[in-house]
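Quick note: residue numbers are just sequence positions, from 1.
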Amino acid sequence: EIIPELDPTALRAGDEFPVRVLRNGAPLADFSLGIVREGRTNRSFKKTDVEGRAVFKVARAGKWLLRGTELRSSNKPATDWESDFTTLSFVV
């Protein structure tokens with residue numbers, strides 16, 4: 001789960017946007033998050049720190065998508081991998 005640490009509806013171009021990622025209620029460290037603005041193909045990636053936190057700069061106005069996918073080996077028969085994903089969209 002991506003939890004904004006600032007109100008995303010109050011963001012302005014040039015602001016920093018801190019978020020925290022939790023898995024089962026606990027901070028998820030070393031989790032890769034990507035952010036992209038609508039209509040763009042270049043993405044910025046960051047990994048969460050030990051407290052599950054990352055900070056992104058939202059350089060321009062527009063619609064933004066923050067997303068992450070956790071991929072892990074599976075213990076289930078006939079399944080190699082399992083994944084969970086999380087997204088957060090907001091407008092600057």
**Report entry** hydrophobic_cluster_shared for L28 and L22, side chain cutoff 4.5 Å
**Finding:** no
Checklist entry - Do V19 and L33 come within less than 4.5 Å of each other through their side chains, counting heavy atoms only? => result yes
Under the 3.5 angstrom rule, does the side chain of R20 hit a backbone N or O of E51 as a donor-acceptor pair? yes
- prompt: For the hydrophobic clusters of this structure (ILVMFWY residues joined by side-chain heavy atoms under 4.5 Å, transitively), does one cluster hold both V36 and F90?
  reply: no
### Query
Would W81 and S73 count as a side chain to side chain contact (heavy atoms under 4.5 Å, CB included) if you check the C-alpha gap in whole Å, the side-chain angles of each, and the deciding distance to 0.1 Å?
CA-CA 5 Å; W81 300 98; S73 296; 3.7 Å; yes
K46 side chain vs V55 backbone, donor-acceptor pair below 3.5 Å:
yes
dist S32:OG -> F45:CZ (nearest 0.5 Å) comes out at 6.0 Å
State whether the side chain of T48 and the backbone N or O of R53 hold a donor-acceptor pair below 3.5 Å, judged by distance alone.
no
Between the OG1 atom in T87 and the CG atom in L66, the distance rounded to the nearest 0.5 Å is 8.5 Å
One should read off an interatomic distance between R60 CZ and E38 CD, to the nearest 0.5 angstrom, of 15.0 Å
Taking every heavy atom of G52 against every heavy atom of P27, the minimum-distance pair comes out as N-CB, 3.9 Å
Result for side chain to side chain contact (heavy atoms under 4.5 Å, CB included) between I35 and one of V58, L88, L65 points to V58
Heavy-atom nearest pair, A13 first then A61, reads CB-N, 3.7 Å
Here the gap from D84 atom CG to E1 atom CD, rounded to the nearest 0.5 Å, amounts to 12.5 Å
So, do L6 and P18 sit near enough that their side-chain heavy atoms are less than 4.5 Å apart?
yes
query: Checking salt bridge (charged side-chain N to carboxylate O under 4.0 Å, His left out) for the pair E82/K76: CA distance, chi angles, key distance, verdict?
result: CA-CA 9 Å; E82 291 184 272; K76 296 178 183 175; 3.1 Å; yes
Practice problem: Kindly indicate, with the supporting measurements, whether the criterion salt bridge (charged side-chain N to carboxylate O under 4.0 Å, His left out) is fulfilled by R72 and E70. | Solution: CA-CA 7 Å; R72 62 193 174 280; E70 181 186 39; 3.4 Å; yes
Rounded to the nearest 0.5 angstrom, the CG-CZ distance for D7 and F17 is 8.5 Å
Separation between CZ (R37) and CZ (R43), nearest 0.5 Å, reads 13.5 Å
